[in-house]
*Asks:* 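This structure is in structure tokens; I'll ask about it shortly.
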Amino acid sequence: MTSVLSRPSETVPRNPTRRHYVMCPPTHFAVEYAINPWMTPGAAVDLDLAFAQWDTLRRTYVELGHEVTVVEPVPGLPDMVYAANGATVAGGIVYGAMFRYAERVPEAAAYRLALAAAGLTRFAEPTFVNEGEGDLLVAGEVVLAGSGFRTDPRAHVEAARVLRRPVLGLELVDPRYYHLDTAVTVLSDTEIAYLPGAFAPRSRGVLAGRYPAAVIASAEDAAVLGLNAVSDGRHVVLPSAAAGLAAEYADRGFSPVGVDLSELLKGGGGPKCCTLEVRA
Ligand code: ARG
């Protein structure tokens, strides 16, 4: 007889909560420069397919009961589709982004304006480079904060003050996983999935200590950006190619929802990159 405890799906109630997401359509998406190893400048992009895939992601959220605010894309900003980088919003406070590379710098102001237009006027100006929710992941009462490629560790301290939450700094070491949201999925307030190899040894220790029961991603699932995913506490929207992660989530009582964003992967992004969560 199987023990009930070996079947977490039957014992852990998974209660989704309604979320508010900000997205930006890939109207001006292109791969024109390379600021991460996924990008090959001049790579052929099928814009119609990119839009269709992006819109499937948007409709997936709406069908799951979430609110989606769509912001106006700005010509000349091909990476603006990766809305997660536009800011970090918690407790109704917008901690502004400051991009590492010149090509993306103007996106910060565009997202600031778009969020203000959506009623989010409590804005904290950043002093240090930080790429929004790409590197600052709100996980319950803490913020998991990445550094190593984009976000300056001094921005972690600033984020803690502005967002009034303790921050757990994590150092990324693999250039393929240049933003924290490519190496960690926040599944619930207390649960995460991650790729240990993406982190410096000390940060691996921090993660293992705080999340002893975390889902450990395989190299294969991470390599399709499987960790670049969005959870509402029950449904985990992730790249459909990440089969191992989806099976593990189902085992734990989550409902994995696969989406294919192959065109946007050419810029180095997946579902989470295209999604900025507004936390009231
Ligand atoms: N091409 C973009 C960059 O390198 C992709 C950003 C992906 N966003 C993310 N949240 N990981 O900046």
Side-chain angles (χ1 to χ4, degrees), residues 21-59 61 68-89 94-121 123-136 146 149-152 155 175-176 178-182 225 228 230 259-278:
Y21 299 128
V22 167
M23 298 179 69
C24 177
T27 316
H28 309 293
F29 177 63
V31 186
E32 293 171 351
Y33 47 81
I35 54 174
N36 70 55
W38 303 82
M39 302 175 82
T40 306
V45 170
D46 181 337
L47 263 193
D48 290 338
L49 182 57
F51 185 84
Q53 293 175 336
W54 175 88
D55 204 50
T56 298
L57 178 64
R58 185 192 62 78
R59 279 187 290 107
Y61 292 140
V68 178
T69 298
V70 174
V71 312
E72 194 66 40
V74 176
L77 297 178
D79 274 341
M80 200 174 161
V81 63
Y82 304 114
N85 300 123
T88 307
V89 190
V94 178
Y95 175 46
M98 185 187 274
F99 285 84
R100 167 81 47 195
Y101 296 111
E103 291 91 339
R104 298 196 68 187
V105 164
E107 291 183 42
Y111 276 102
R112 176 185 182 162
L113 283 172
L115 291 169
L120 293 149
T121 50
F123 182 83
E125 189 82 56
T127 317
F128 301 107
V129 167
N130 82 84
E131 296 202 345
E133 281 202 330
D135 276 323
L136 300 170
F149 295 99
R150 302 290 179 90
T151 295
D152 186 322
R176 287 175 300 166
Y178 57 96
H179 275 141
L180 187 63
D181 70 359
T182 63
L225 281 192
N228 195 251
V230 177
V259 291
D260 179 9
L261 291 182
S262 62
E263 291 309 292
L264 296 165
L265 190 59
K266 295 173 181 173
K272 171 58 205 164
C273 297
C274 297
T275 311
L276 172 61
E277 184 168 347
V278 172

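For clarity, every value in this text was computed on a predicted model and none was experimentally measured.
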*Asks:* At their closest point, which heavy atom of Gly134 faces which heavy atom of His179, and how far apart are they?
*Replies:* O-CB, 3.5 Å
*Asks:* For Val22 and Leu115, what are the C-alpha separation, side-chain angles and deciding distance, and is it a side-chain contact (heavy atoms from CB on, under 4.5 Å)?
*Replies:* CA-CA 9 Å; Val22 167; Leu115 291 169; 4.0 Å; yes
*Asks:* Between Tyr111 and Ala83, which heavy-atom pair has the shortest distance, and what is it?
*Replies:* OH-CA, 3.2 Å
*Asks:* Okay, side chain of Glu107, backbone of Gly86: is any donor-acceptor separation there less than 3.5 Å?
*Replies:* no
*Asks:* In terms of relative ring orientation, are Tyr21 and Tyr61 parallel, tilted or perpendicular, with 30° and 60° separating the classes?
*Replies:* tilted
*Asks:* Starting from the C-alpha separation in whole Å, work towards a yes-or-no answer on side-chain contact (heavy atoms from CB on, under 4.5 Å) for Val89 and Leu120.
*Replies:* CA-CA 9 Å; Val89 190; Leu120 293 149; 4.2 Å; yes
*Asks:* Quick one, Tyr82 and Arg104 - any side-chain contact, counting heavy atoms below 4.5 Å?
*Replies:* yes
*Asks:* Within the 4.5 Å heavy-atom criterion, are Trp54 and Glu263 side-chain neighbours or not?
*Replies:* no
*Asks:* When you compare the side chain of Tyr178 with that of Trp38, does any pair of heavy atoms fall below 4.5 Å?
*Replies:* yes
*Asks:* Kindly give the heavy-atom pair with the smallest separation between Leu47 and Pro26, and that separation in Å.
*Replies:* CD2-O, 3.4 Å
*Asks:* Please tell me if the side chains of Val70 and Cys24 come closer than 4.5 Å, counting only heavy atoms from C-beta onward.
*Replies:* no
*Asks:* Pro41 versus Glu32: any side-chain heavy-atom pair under 4.5 Å?
*Replies:* no
*Asks:* Tell me whether Arg100 forms a cation-pi arrangement with Phe149, defined as NZ or CZ under 6.0 Å from the six-membered ring centre and within 45 degrees of its axis.
*Replies:* no
*Asks:* When rounded to the nearest 0.5 angstrom, what is the spacing between CG in Leu261 and NZ in Lys266?
*Replies:* 12.5 Å
*Asks:* Carefully, step by step, assess Thr151 and Asn130 under the rule side chain to side chain donor-acceptor pair (under 3.5 Å).
*Replies:* CA-CA 4 Å; Thr151 295; Asn130 82 84; 5.4 Å; no
*Asks:* Mind checking whether Pro175 and Asn36 have side chains closer than 4.5 Å, heavy atoms only?
*Replies:* no
*Asks:* To the closest 0.5 Å, what do you measure between SG (Cys273) and CD (Glu131)?
*Replies:* 10.5 Å
*Asks:* For the residue pair Val71 and Met23, establish whether any side-chain heavy-atom pair is separated by less than 4.5 Å.
*Replies:* no
*Asks:* Find the distance between CD1 (Ile35) and OH (Tyr33) and round it off to the nearest 0.5 Å.
*Replies:* 5.0 Å
*Asks:* Counting C-beta onward and ignoring hydrogens, is there a side-chain heavy-atom pair between Leu136 and Glu133 closer than 4.5 Å?
*Replies:* no
